[in-house]
Trainee: 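Here you go, one structure.
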Amino acid sequence: MLYKELCEIYEELEKNPSRLAKTTILSNFLKKLKHEKNKEIIYLIQGKAFPDYSEKEFGISEQLCIKALSKASGISSKEIVNKWRKIGDLGKVAEEVMTKKKQNTLFSHKLTTEKVLDNLKKLPELIGKGTVDKKMSLISELLTSSSGIEAKYIIRILLSDLRIGVASGTIRDAIVESCLEKNEENTKAVQESYDKANDLALVFEKACKGIGSLNETELIPGHPLKVMLALKAESIQDGFERVGKPAVFEYKYDGFRMLINKDEKGKVKIFTRRLDEVTKQFPDVVKYIEENIDAKTFILDSEAVGYDPKTKRYKPFQDISQRIRRKYDIEKLEKELPVEINVFDVLYYNGKSLLNEPFQKRTELLRKIIKNKKYRIQSSHQLITDDEKKAEEFYKQALKDNQEGVMIKNLTAPYKPGARVGYMLKLKPAENEFDLVITGAEYGTGKRAGTLSSFTLSCYDKANDKFLEIGKASTGLKEKEEEGLSYTELTNLLKHLITHETGREVIVKPKIVVRIIYQNIQRSPTYESGFALRFPRITHLRPDRTPKDVATLKEVIEEYKRMELKIEY
DNA sequence: ATTGTCTGCCCC
DNA sequence: ATTCTGC
DNA sequence: GCAGAATGGGCAGACAAT
């Protein structure tokens, strides 16, 4: 297929915001794709070159795209970045500079989807010295034989960000429309096939053959499965209203998600939330599984939490994050930063999928098959109740035990891989606040192109009469002026305070004070204050405060210590 | 050999 | 992770 | 209510530059 044809579809999708319209455009395209041999083109619709479960990486992002664009167009990197600041989309910058270039050179239009896929697939294979240059050639080859529009999408796909408003849900609906009769049963069949396969090209091929083929897709232990995600609850009462009574309450642990598999051959495999395999990084966990779970095959959903091996004190996420991508010194880390596995669901057991079984059944089974061993592996701490007071106590206990909060679950619900569902909720305590002064900012991208969109925050170091950076915030502001403090309003306030501009970043005079809410204070290697905020959000302006009225470094340190103490128990 | 920059459908 | 928005 | 698109801190690893 000509790449140009695909790009026309991208353009159509980008233009039409309605999901129904997108589905129609896509399904018409898929009807054509049915007759193509290479169904991998569907990966290009997803903005990638491999199926979801693949761990292959391009190793290319913004900086290298800027370099590649500069090379292919002959325009300096600095100028490319300037355009990027104004346009907010490296894809569109590519379109502009390559269109100009094309006016001067003759070129025959022959770029095919196969060629694009070919070059993209070569990127992850390159390793060692000289890699970057080789990658640059592969990209340049594509860019120089591209029209402006084609260049736009070459760049966007390299950034894994197509910006066409299409994700798996829309593609699922389009597959149904193009291959099957549009009804609930068929949609469910496609979704469930995708949940198990994590490969849309494969699902599309099956859908072409009919619902029978889709329903043959099996859940196989040892193959990655997407995890189910939770929505936020406002309170215990809100939780009960949304999941019903009685409800299941479980501790919400501050660690990382682990999908633990034991396959037909008895091999244990561990996957993260994003389907990366991390078995090698956690030999300790493999051992716990082998020793404490007596079953032939299974898939478990769990959270790994770190603790201090001496004091047995639970550690915050930041401390164990070293383990997740580790390749070297794994044995050493295993001893220094042990993890405890808290299992909260079982999705497959001894040859049978449990995805459609009610949660009550799954959680009861789970408690039968795990031999609880504290600091190694255990079923997550749980309370099933219809009593708000008891639930409230359980929640308080979770916080006292140094956990993030509780999960609230419906007893009858199935397990929906990859979905954020209303019958699994998370509840965390109210957050902390600081007033901080804005000392810098960065121009945004996409829908926030041309306005400042990320704001550098500083506290005040009274002793040295200096402002010290303590992090950035970008969320919490409104897109529309009428709704509250908006990006444009804040941009206008900061505009005439700008003292320096480099690329997309600006430095501003410390004048504008904002109220920030955050979840935690962490030690920081990147900010000059030595601290950073976890999950910072801007709520509103504090025009009544002068820059020197903001939180002082001393106050930040005190607050940090106060939080540390809470961890001690 | 050391330091700096960049990347990650990263983890949260 | 959090948040906002359009559908 | 959901999906999509913006963006946060911080980590290890890989490669380039010095």
Trainee: Within the 4.0 Å heavy-atom criterion, would you say A:I60 contacts the bases, only the backbone, or no part of the nucleic acid?
Mentor: sugar-phosphate
Trainee: Using the C1' atoms only, state how far C:dA1 lies from B:dG8, rounded to an integer number of Å.
Mentor: 15 Å
Trainee: Determine whether the aromatic ring centres of A:F531 and A:Y560 lie less than 6.0 Å apart.
Mentor: yes
Trainee: Please determine whether a side-chain nitrogen or oxygen atom of A:S524 lies at a distance below 4.0 Å from atom OP1 or OP2 of D:dG10.
Mentor: yes
Trainee: Just N and O in the side chain of A:T272: are any of them under 4.0 Å from OP1 or OP2 of B:dC11?
Mentor: yes
Trainee: Residues in side chain to side chain contact (heavy atoms under 4.5 Å, CB included) with A:I9, at least two apart?
Mentor: A:L13, A:I25, A:F29
Trainee: I want to check one thing: is the phosphate of D:dG4, taken as OP1 and OP2, less than 4.0 Å away from some side-chain N or O of A:T170?
Mentor: yes
Trainee: What's the CG-P distance between A:L90 and D:dA6, to the nearest Å?
Mentor: 13 Å
Trainee: Quick one: A:I324 CD1 to B:dT7 P, roughly how many Å, whole number?
Mentor: 22 Å
Trainee: Hey, does the side chain of A:Y518 come within less than 4.0 Å of D:dG8's phosphate (OP1/OP2), counting only N and O?
Mentor: no
Trainee: Can you list the stems that include DNA chain B, where a stem is three or more consecutive Watson-Crick or G-U pairs with distances under 3.5 Å?
Mentor: B:1-8 with D:11-18, B:10-12 with D:8-10
Trainee: Could you encode protein contacts along nucleotides 1-7 of chain C as a string, one character per nucleotide from 5' to 3', using B for base contact, S for sugar-phosphate-only contact and - for no contact, with a heavy-atom cut-off of under 4.0 Å?
Mentor: SBSSSSS
Trainee: Just the rounded figure in Å: distance from P of D:dG8 to CG of A:L457.
Mentor: 11 Å
Trainee: Which residues satisfy the side chain to side chain contact (heavy atoms under 4.5 Å, CB included) test with A:E234, sequence neighbours excluded?
Mentor: A:D238
Trainee: Measuring only the C1' atom in each nucleotide, how far is B:dC12 from D:dC2? A whole number of Å is fine.
Mentor: 23 Å
Trainee: Below 6.0 angstrom between ring centroids: does that apply to A:Y153 and A:Y10?
Mentor: yes
Trainee: Generate the contact string for nucleotides 11-18 of chain D. Rules: B means base contact, S means sugar-phosphate contact only, - means no protein heavy atom under 4.0 Å.
Mentor: SSSSSS--
Trainee: When the distance from CG of A:D319 to P of D:dG9 is rounded to whole Å, what number comes out?
Mentor: 18 Å
Trainee: State which residues pass salt bridge (Lys or Arg N to Asp or Glu O under 4.0 Å) with A:E250; sequence neighbours excluded, sorted by chain then number.
Mentor: A:K409
Trainee: Can you check the distance between D:dA3 and B:dC11, where both ends of the measurement are the C1' atom (answer in whole Å)?
Mentor: 22 Å
Trainee: Is any side-chain heavy atom of A:L436 closer than 4.5 Å to a side-chain heavy atom of A:V513?
Mentor: no
Trainee: Could I get the full list of side chain to side chain contact (heavy atoms under 4.5 Å, CB included) partners for A:Q237, not counting sequence neighbours?
Mentor: A:S235, A:E241, A:E388
Trainee: NA contact type, A:S160, heavy-atom cut-off 4.0 Å: base, sugar-phosphate, or nothing?
Mentor: nothing
Trainee: If you only use heavy atoms from C-beta on, which nucleotide in D:dG8, B:dC10, B:dC12 is closest to the side chain of A:F317?
Mentor: B:dC12
Trainee: Can you sort out the partners of A:S302 under side-chain hydrogen bond (donor to acceptor under 3.5 Å, both in side chains), two or more places apart, ordered by chain and number?
Mentor: none
Trainee: Do any side-chain atoms of residues 157-176 of chain A form donor-acceptor pairs under 3.5 angstrom with protein atoms, and if so which ones, sequence neighbours left out?
Mentor:
residue	atom	partner	partner atom	Å
A:T170	OG1	A:R19	NE	3.3
A:R172	NH1	A:Q191	OE1	2.7
A:D173	OD2	A:R19	NH2	3.1

Trainee: Without placing hydrogens or testing angles, list every side-chain donor-acceptor pair under 3.5 Å for residues 326-343 of chain A, not counting sequence neighbours.
Mentor:
residue	atom	partner	partner atom	Å
A:R326	NE	A:Y328	O	3.0
A:E340	OE1	A:Y314	OH	2.5
A:E340	OE1	A:N342	ND2	3.3
A:E340	OE1	A:Q378	NE2	3.3
A:E340	OE2	A:Y314	OH	3.2
A:E340	OE2	A:Y375	N	2.8
A:E340	OE2	A:Q378	NE2	3.4
A:N342	OD1	A:Y253	OH	3.3
A:N342	OD1	A:Q378	NE2	2.8

Trainee: Whole-Å distance between D:dA3 P and A:M228 CE?
Mentor: 13 Å
Trainee: May I ask you to say what A:I330 touches in the nucleic acid, namely base, sugar-phosphate or nothing, with a heavy-atom cut-off under 4.0 Å?
Mentor: nothing
Trainee: Are a donor atom and an acceptor atom from the side chains of A:T526 and A:S524 found within less than 3.5 Å of each other?
Mentor: yes
Trainee: Check side chain to side chain contact (heavy atoms under 4.5 Å, CB included) between A:K135 and all other residues, then give those that pass, not counting sequence neighbours.
Mentor: A:I60, A:L123, A:L126, A:T131
Trainee: In whole angstrom, what separates A:L337's CG from D:dG10's P?
Mentor: 17 Å
Trainee: Write down the distance between CG (A:L162) and P (D:dA6), rounded to a whole number of angstrom.
Mentor: 12 Å
Trainee: Measure from CD on A:E505 to P on D:dG8 and round the result to the nearest Å.
Mentor: 10 Å
Trainee: Using atom types as modelled, flag every donor-acceptor pair under 3.5 Å from a side chain in residues 468-484 of chain A to any protein atom, sequence neighbours excluded.
Mentor:
residue	atom	partner	partner atom	Å
A:E479	OE2	A:R448	NE	3.1
A:E481	OE2	A:T488	OG1	3.4

Trainee: What's A:D276 touching, base or sugar-phosphate or nothing? Going by heavy atoms closer than 4.0 Å.
Mentor: sugar-phosphate
